[in-house]
Amino acid sequence: MAAQMTDAHRRFLQVLMSHGIMEGSEARKLHRRCCEIHKVYYAHDKLDDFISTINSHLQPLFMQIRKGMSEGDGRAHYALVNLAETEITKMASDYTENELELFRKTMDLIILSENGFASSTDILNLTDQLKTKKMKKKEAEQVLKVFVEDKWLSERNGEYTLHTRCIIEMEQYILSNYQDVARKCNICHSLAIQSQICESCGIGMHLPCVRKYFRAQTEPRCPQCNDFWSCDIPGMNRIDSQSPSKTGRAEKSFILGTRRC
Ligand SMILES: [Zn+2]
Ligand SMILES: [Zn+2]
C-alpha cells in the first residue's frame, strides 16, 4: 500500500517541477524544508522513500522523479520525467520544427563523437543542412543559448554536451534510437555520453565512475577484460603525488598515459 501523499510531498514536487532538475544537496534541503513547513515526519536519510511515495502517486499520470548522475562531477541529480512522451516530443511544444531538427542533429554529433562533446563550429555548420527550414548562424547561436538555459545542453569553452537533465529524461530514447553507438557505463549501468573506453574490449565508464573504481586499486585494470587501463584517470595525479610510487613502470605510464581518451 502506497504511503500517504502529504502537502510536504506536493510542495516538493511543485518546486522540482519549476526547476526541471535539482542537485542532490538542494533536494535534501528542500525535503527538510517541506517537512518542516507542513509538520510532517522528517528523517534526513529518508529522501528516497519520500520520493518513492511521490512516484507511486505520479504513476497513473505516467510521470516519475528519477535520480541520475552528472557525468562531469558525479553528483546526484533529480529530475521529473514524463514517461508517456518517449521521444523528443518532450520538447515539441517549446520549440519550432527547425529548432528541434537542430537539436536532433546536435544530439547525433554528441553521441557519435568519441568524447561526448560537439564543438559550436560543427553544430553551426549544420544550419544549412536543415531540411525543415534553414537557419542563419546568428539565429542558431541564439537557439543553442536557449537549449543551454532550458537545460537540454550544457556548454564549456564552446563545446557542447547533453545536460544531466537531458540524459535523465531521454535515457530510454537514446538507448533505443542509438542502439549501435549508445553505451552503458560498466560500473553504474546507466547511459554514458562522456566516457572512457577500454582499448581492448570496448567497454565504457563514466569519468566519475572511473575515478571511484580505480581509487582502491594499485594498478588500473579493466573490470571486464582485466587488461591495463590505458586512459588517464581523472584526479589520479594529485593522489599519486601524495603517496610515492612503489610500482614503477606501470604506474608511470599510467600517470603519463599518452593516449587521449
Ligand atoms: Zn557510471
Ligand atoms: Zn577491457
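All values below were derived from every heavy atom in this structure, side-chain atoms included, with hydrogens, water molecules and symmetry-related copies excluded. The chain is numbered in sequence order, starting from 1. In this text, all values refer to a predicted model and were calculated from it rather than measured experimentally. For ligands, and for the atoms within them, numbers begin at 1 and follow the listed sequence.
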Angle in degrees, rounded to 10°, that SG of Cys225 and SG of Cys222 form at the Zn ion (ligand 2):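 Reported to 10°, the angle equals 110°.
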query: Once rounded to 10°, what is the value of the angle centred on the Zn ion (ligand 2) between Cys201 SG and Cys198 SG?
result: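 Cys201 SG and Cys198 SG form an angle of 110° at the Zn ion (ligand 2).
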- request: Have a look at the Zn ion (ligand 1) and estimate, to 10 degrees, the angle subtended by SG (Cys209) and SG (Cys188).
  value: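 It rounds to 120°.
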Of all N/O/S atoms in His206, the name of the one nearest the Zn ion (ligand 1):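 When I compare the N, O and S atoms of His206, ND1 is nearest to the Zn ion (ligand 1).
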- request: With Glu101 as reference, evaluate Leu130, Leu126, Thr127, Thr106 under the side chain to side chain contact (heavy atoms under 4.5 Å, CB included) test and give the passing residue.
  value: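 Filter result, single survivor: Leu130.
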message: Would you say the Zn ion (ligand 1) has His189 as a near neighbour, meaning an N/O/S atom of that residue under 2.8 Å away?
response: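 Short answer: no, not a single N, O or S atom is under the cut-off.
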field: Distance, nearest 0.5 Å, that separates CG of Leu153 from CD1 of Ile123
entry: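 Leu153 atom CG to Ile123 atom CD1 measures 6.5 Å (nearest 0.5 Å).
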- request: Measure the spacing between CD1 of Ile54 and CE of Met63 and express it to the nearest 0.5 Å.
  value: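 Going from CD1 on Ile54 over to CE on Met63, the span is 11.5 Å.
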query: Which of parallel (below 30°), tilted (30 to 60°) and perpendicular (above 60°) describes Phe50 and His9?
result: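 Phe50 vs His9 ring planes: parallel.
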query: Any side-chain donor-acceptor pair under 3.5 Å between His206 and Glu71?
result: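 Yes, side-chain donor-acceptor contact under 3.5 Å.
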